[in-house]
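Computed from a predicted model, the values in this text were never measured in an experiment. As the structure lists them, so they are numbered: ligands from 1, and atoms in each ligand from 1.
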Amino acid sequence: MRARKVDQGAARAMNRRLILDELRREGPMSRTRIAQQTSLSAASITIVTSDLLAEGLLIEHPELARQLPRHPVPLGINYAGHHAIGMKLLETEIQAVLTDLALNVVDQIRVPLDGPTPDHVVAAARVACDHLRLTQRDPLTPLIGVGLAMAGIIDTARGVCVVSHRAGWHHVPFGDLLRANLGVPVWIDNDANAFATAERLVGRARQAIDFVVVTLGRGIGAAIVLNGQVYRTPRGGAGELGHVLTEPGGRPCECGLRGCLQAYVSSPDLVAQFNDAYPDVGVRQVEELLALLDASDDRPLPILQDAGRRLGEALANLTDLLDPELIIIGGEGVVVGDALLSAMQAAFQARHLPDAWQPDVLVDRWSDDAWGRGAAGLVVEHFFEGSLSWAVPPRPPHLPPR
Ligand SMILES: [Zn+2]
């Protein structure tokens, strides 16, 4: 009897996920259409949608029914019914957003860090979380959790930052630390994974099964989505595209190795390469390189084109390995613009394996809240697809001491 109960529970959970997934991808539809799309029985649809309506996760759309024959009332996800908080850890501040389940930003705040340690970050996260909760326009809308995205290798299942060269952290059980201080469910992940999660849930990759996201900026990151899921390993090290070799014995990288892709393509490294070549100019930001180009000063061009070529070749290598249907380029570094991105596209095309599928390479129009929305996506992903006991996420076991 007990096994039968467990099976029924598992089946209902699976059916919930199927229905929510279908509605998330395709938008509102009638119960009949849901049954056709999911191959679930009418009885299962009735049971599960009743539960989801009672929980406020679905709403009926009578205004859409009038346009359809026989007036079945379509069901849709109640995106406004719950809120999530997403935070991006930067070197000097936390960027935090409050979103609905569609990752629409309701409110946002930036909180400066007083220092680089986990305790400093927890303190800033607490300020951000308190502010966003206190100023919630509708304080009765439940907060389902907090997601935090940061650069580095993250063991997502255990909520541990294995290493972040930028933050100088090694084996920090940051998920536990944050959860204990914020008092809400918390998920942490690598920033590229978080960005890919948002693209998968509500972005341009919503209907893609296999795709890759590459992020440009302070570092170079990548996230791999296979069979509709972000590829996360227990070691957290997948997608470290910034540290693949592009130049044996080349420029030093923040990871301690030499010749990494990041050391040629990241925004600080573009600036450093220009300053090495033209020390008298004293450029500080990558935007200043663009300003030089706009002023018909072509000196940054070879550096940007070289970076684009290396990036394009790396994308071709990724494509040969993973066969993605789509590649999305995001991150604040996309402001480097046409010089780098054209060279990237050209190198990518030149290395294309003849007769193999060639994925579109889409460049994101970046906005500053995109990292935070991605981090909120970690929460929404678990809410829709994770354990149904989402309000009490499983506590990860502690890592053994190093
Ligand atoms: Zn490196």
Side-chain angles (χ1 to χ4, degrees), residues 88-92 116 149-156 160-172 174 188-196 212-224 230-277 285-286 289 303-322 327-336 340-341 343-344 347-348 351 371 402:
K88 160 74 170 172
L89 174 59
L90 296 164
E91 279 167 294
T92 57
M150 61 183 294
I153 294 177
I154 311 296
D155 174 348
T156 314
V160 171
C161 172
V162 178
V163 61
S164 176
H165 297 108
R166 212 161 303 156
W169 294 4
H170 295 270
H171 291 279
V172 176
F174 195 61
I188 70 169
D189 204 346
N190 169 272
D191 46 13
N193 280 356
F195 178 57
V212 171
V213 161
V214 174
T215 56
L216 314 180
R218 175 68 181 78
I220 303 297
I224 301 159
V230 176
Y231 178 61
R232 298 176 170 110
T233 68
R235 294 142 319 262
E240 289 295 327
L241 183 70
H243 304 287
V244 299
L245 182 66
T246 182
E247 184 71 45
R251 289 173 52 77
C253 178
E254 68 175 6
C255 70
L257 297 171
R258 281 186 171 274
C260 295
L261 181 66
Q262 181 168 306
Y264 292 83
V265 183
S266 79
S267 298
D269 284 290
L270 292 171
V271 169
Q273 288 172 91
F274 184 84
N275 286 335
D276 288 349
Q285 304 282 340
V286 75
L289 299 179
I303 292 164
L304 294 172
Q305 289 173 335
D306 177 69
R309 174 185 62 80
R310 294 175 189 275
L311 181 59
E313 289 171 356
L315 296 186
N317 291 343
L318 264 181
T319 300
D320 288 346
L321 285 173
L322 299 172
I327 297 175
I328 298 174
I329 310 290
E332 68 277 7
V334 296
V335 297
V336 292
L340 188 151
L341 297 171
M344 174 195 80
F348 179 64
R351 283 295 310 167
W371 287 126
R402 284 179 80 201

When you look at CZ of R166, are more than 12 heavy atoms from neighbouring residues, nucleotides or ligands closer to it than 6.0 Å? yes
Who are the side chain to side chain contact (heavy atoms under 4.5 Å, CB included) partners of L322, not counting sequence neighbours? V212, I224, L318, P324
Using 4.0 Å as the upper bound for N to carboxylate O, is an ion pair formed by R218 and E332? no
With the Zn ion (ligand 1) as the centre, enumerate protein N/O/S atoms below 2.8 Å in chain and residue order. H243 ND1, C253 SG, C255 SG, C260 SG
Residues two or more places apart in sequence or in another chain: which of them pass side chain to side chain contact (heavy atoms under 4.5 Å, CB included) with A238? Y231, T233
Is R232 salt-bridged to D189, going by a charged N under 4.0 Å from an acidic O? yes
Under the rule for salt bridge (charged side-chain N to carboxylate O under 4.0 Å, His left out), what residues qualify as partners of R251, not counting sequence neighbours? D269, D276
